[in-house]
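I have a structure I would like to understand better, so I am pasting it below and will then ask my questions one at a time.
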Amino acid sequence: MRTCDLVVIGGGSAGMAAAIAAREKGVKDILILERGEETGGILLQCIHNGFGLHTFGEELSGPSYAERFSDQVRSLGIAVETNALVLHLDTDRTLSYVSPRSGFVTLQARCVILAMGCRERPRGAIGIPGARPAGVWTAGAAQRYVNLDGFLPGRRVFILGSGDIGLIMARRMTLEGAKVLGVAELMPYSNGLSRNLKQCLEDFQIPLYLSHTVTDIQGRERVSAVTISQVDENRRPIPGSEKTFAVDTLLLSVGLLPENTLSEEAGIELHPRTRGPVVDEFLQATIPGVFACGNVLHVHDLVDFVTAEGKEAGEAAARFLDAGLPAGPHASVEAGEGISYCLPQRIHTQALPDSLTLSFRVLSPQRNVTLAVEKDGKCIKTLRRRVMLPAEMERLTLQREDLTGLQESLRLRIMDFSQNGRLEEG
Amino acid sequence: MKEKRTEELICIVCPMGCRLRAEVEQADGETPQVLSVSGNSCPRGARYAKEELTAPTRTVTGTVSIEGGLYRRLPVITSAPIPKDKIFDVMEEIHRAHACAPVQIHDIIIPNVCGLGADVLAARTMEQRSSDDESVFPAGSAGGFDHQGV
């Protein structure tokens with residue numbers, strides 16, 4: 001069987017950053033397996049700008065950001081196989097893939113980095129009532145049609161979900177000559193970045209209907225109208241609040257799910273909240289030598305953090321291949337009151353890192369709150385935060401002295417958290 | 001008659017999305033004057049608030065049709081932000097433009113678009129699709145947008 005020191009599954013921003021970091025740390029035998037025709041991943045269709053402010057100190061469009069990494073992968077001589085679909089990953093880190101160039105290949109990897117990204121939740125995942133005509137797409141599929149393939153999927157559009165892709169597509173469809181009649185959001189707040197609300201909706205006077213959802217789709221061959229209703233605090237439609245829009249297209253931006261079919265087949269433990277692998281401080285999954293980064297680990301809102309995470313995974317993989325990584329007992333990292341999830345979920349207690357960055361999200365919008373970090377039940381650190389939104393991933397770095405003596409658990413929570421303590425927009 | 005007011009706006013310079021408050025003074029029929037900005041975490045935030053309230057600009061991105069490339073569309077971007085009220089004029093120019101592969105990143109696709117002093121640049125490199133590659137879409141279909149089923 002062919003062997004490889006490091007196989008990176010996925011050539012998007014996470015996978016490329018991981019492979020580059022591993023190569024820079026001395027790993028020679030690296031193979032990136034990419035499903036698409038070229039490296040770059042989802043960035044290739046994200047033609048808007050705003051990428052790379054943290055990484056490069058300038059704002060780039062998605063394709064430009066991707067190109068910088070693709071160029072680096074090429075100049076470092078890292079092997080990439082495109083059009084390569086990984087079919088199976090096993091507990092012993094053997095994997096099989098197919099590609100037009102190589103046919104069916106089985107590989108034994110010493111180390112694997114999972115960087116498969118995520119998928120959009122389709123209509124079936126949220127159970128919208130109504131007819132099933134053509135004209136209902138996920139926002140990301142529409143983005144691909146418009147930006148890569150040159151098809152405009154509709155003329156009069158309604159969008160369900162105010163996630164970033166939905167907002168970006170509201171602007172994109174408008175600029176291409178379609179009329180976007182509105183965006184409905186189930187929650188009482190938007191799930192997109194504030195900058196996208198401003199420059200994608202407000203700039204074009206596209207109305208945002210908060211606490212609304214789609215309750216009917218009409219049309220036989222093609223969507224002819226969409227009905228939305230206001231929802232109560234239990235997210236149930238309020239009868240009598242219906243509004244109907246004559247549209248030919250409904251775009252869905254209703255959440256992303258890490259794509260972990262391969263991880264599941266390998267027997268990797270997934271976290272119920274992130275739906276990504278449970279990882280330790282090296283981003284190592286529950287199978288030693290398997291690492292995860294980017295959207296397959298947890299859904300990110302900024303590519304800069306994906307790149308940073310990919311780099312961490314790549315460096316950890318290099319260390320695993322070289323000197324090995326610490327093993328032994330670990331403490332759990334827990335998401336307490338008001339926190340949706342916190343990464344990594346485990347930390348080895350016998351070889352504490354010099355610093356540890358936690359990535360987390362809040363459950364609901366918060367203003368002027370105190371974050372508390374508890375070590376084995378004792379509060380060791382508090383931080384004031386002016387605004388925290390579920391749409392925006394937060395990072396918090398702890399130093400070795402904060403962690404010294406850690407035994408059982410590290411817990412992050414919002415003090416005096418109340419579910420009703422919602423952010424009121426000024 | 002000069003009127004003073006507080007404007008609240010969300011900074012869009014970077015994804016931080018700082019919530020800015022600006023003290024604004026405006027005389028009847030004149031451009032508002034920004035007296036002070038707070039809530040910004042970097043100087044760019046203050047600059048943004050001043051610009052946004054007096055002369056708002058945006059970087060425009062779009063795609064142009066491309067022949068012989070890996071995809072049918074080439075992403076493009078303005079070399080500098082342009083006035084917000086010229087976005088649709090710039091888009092019209094972009095819709096008329098056409099490129100042929102190979103294209104290098106930052107190649108000028110439309111010089112001095114709408115006379116605004118900014119160029120429309122290729123946002124990526126796109127090699128020529130080698131002839132033995134099977135295109136997903138037939139050659140010659142790389143014209144404008146197709147409006148499928150609408």
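Residue numbering restarts at 1 for every chain, and letters A, B, ... go by the order of the sequence lines.
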query = For A:Y65, is it the side chain, the backbone, both, or neither that has a heavy atom closer than 4.5 Å to a heavy atom of chain B?
reply = neither
task = Taking A:E37 for its side chain and B:L70 for its backbone only, find out whether a donor-acceptor pair lies under 3.5 Å.
result = no
inquiry  = Is a donor from one side chain sitting under 3.5 angstrom from an acceptor on the other, for B:Y71 and A:Q45?
reply    = no
key: Any donor-acceptor pair under 3.5 Å from B:T63 side chain to A:N147 backbone   = no
message = Contact between A:E67 and B:M126 at the side-chain level, heavy atoms closer than 4.5 Å - yes or no?
response = no
ask   = To the nearest 0.5 Å, what is the distance between CG (A:L148) and CZ (B:R73)?
value = 10.5 Å
ask   = Which region of A:L44, side chain (C-beta onward) or backbone (N, CA, C, O), has a non-hydrogen atom less than 4.5 Å from a non-hydrogen atom of chain B, or is it both or neither?
value = side chain
query = Looking at side-chain heavy atoms only, is the closest gap between A:L197 and B:I10 below 4.5 Å?
reply = no
task = May I ask you to check whether over 12 heavy atoms, not counting those of A:R385, lie within 6.0 Å of atom CZ?
result = yes
ask   = Does some side-chain heavy atom of A:L53 sit less than 4.5 Å from a side-chain heavy atom of B:R44?
value = yes
key: B:R124 (side chain) donor-acceptor with A:P63 (main chain) under 3.5 angstrom   = no
query = Between atom CD1 of A:I47 and atom OG1 of B:T61, what is the distance when rounded to the nearest 0.5 Å?
reply = 4.5 Å
query = Judged by modelled atom types alone, do B:T59 and A:E59 share a side-chain donor-acceptor pair under 3.5 Å?
reply = no
task = Pick one of side chain, backbone, both or neither for A:T174, based on which atoms fall under 4.5 Å of a heavy atom in chain B.
result = both
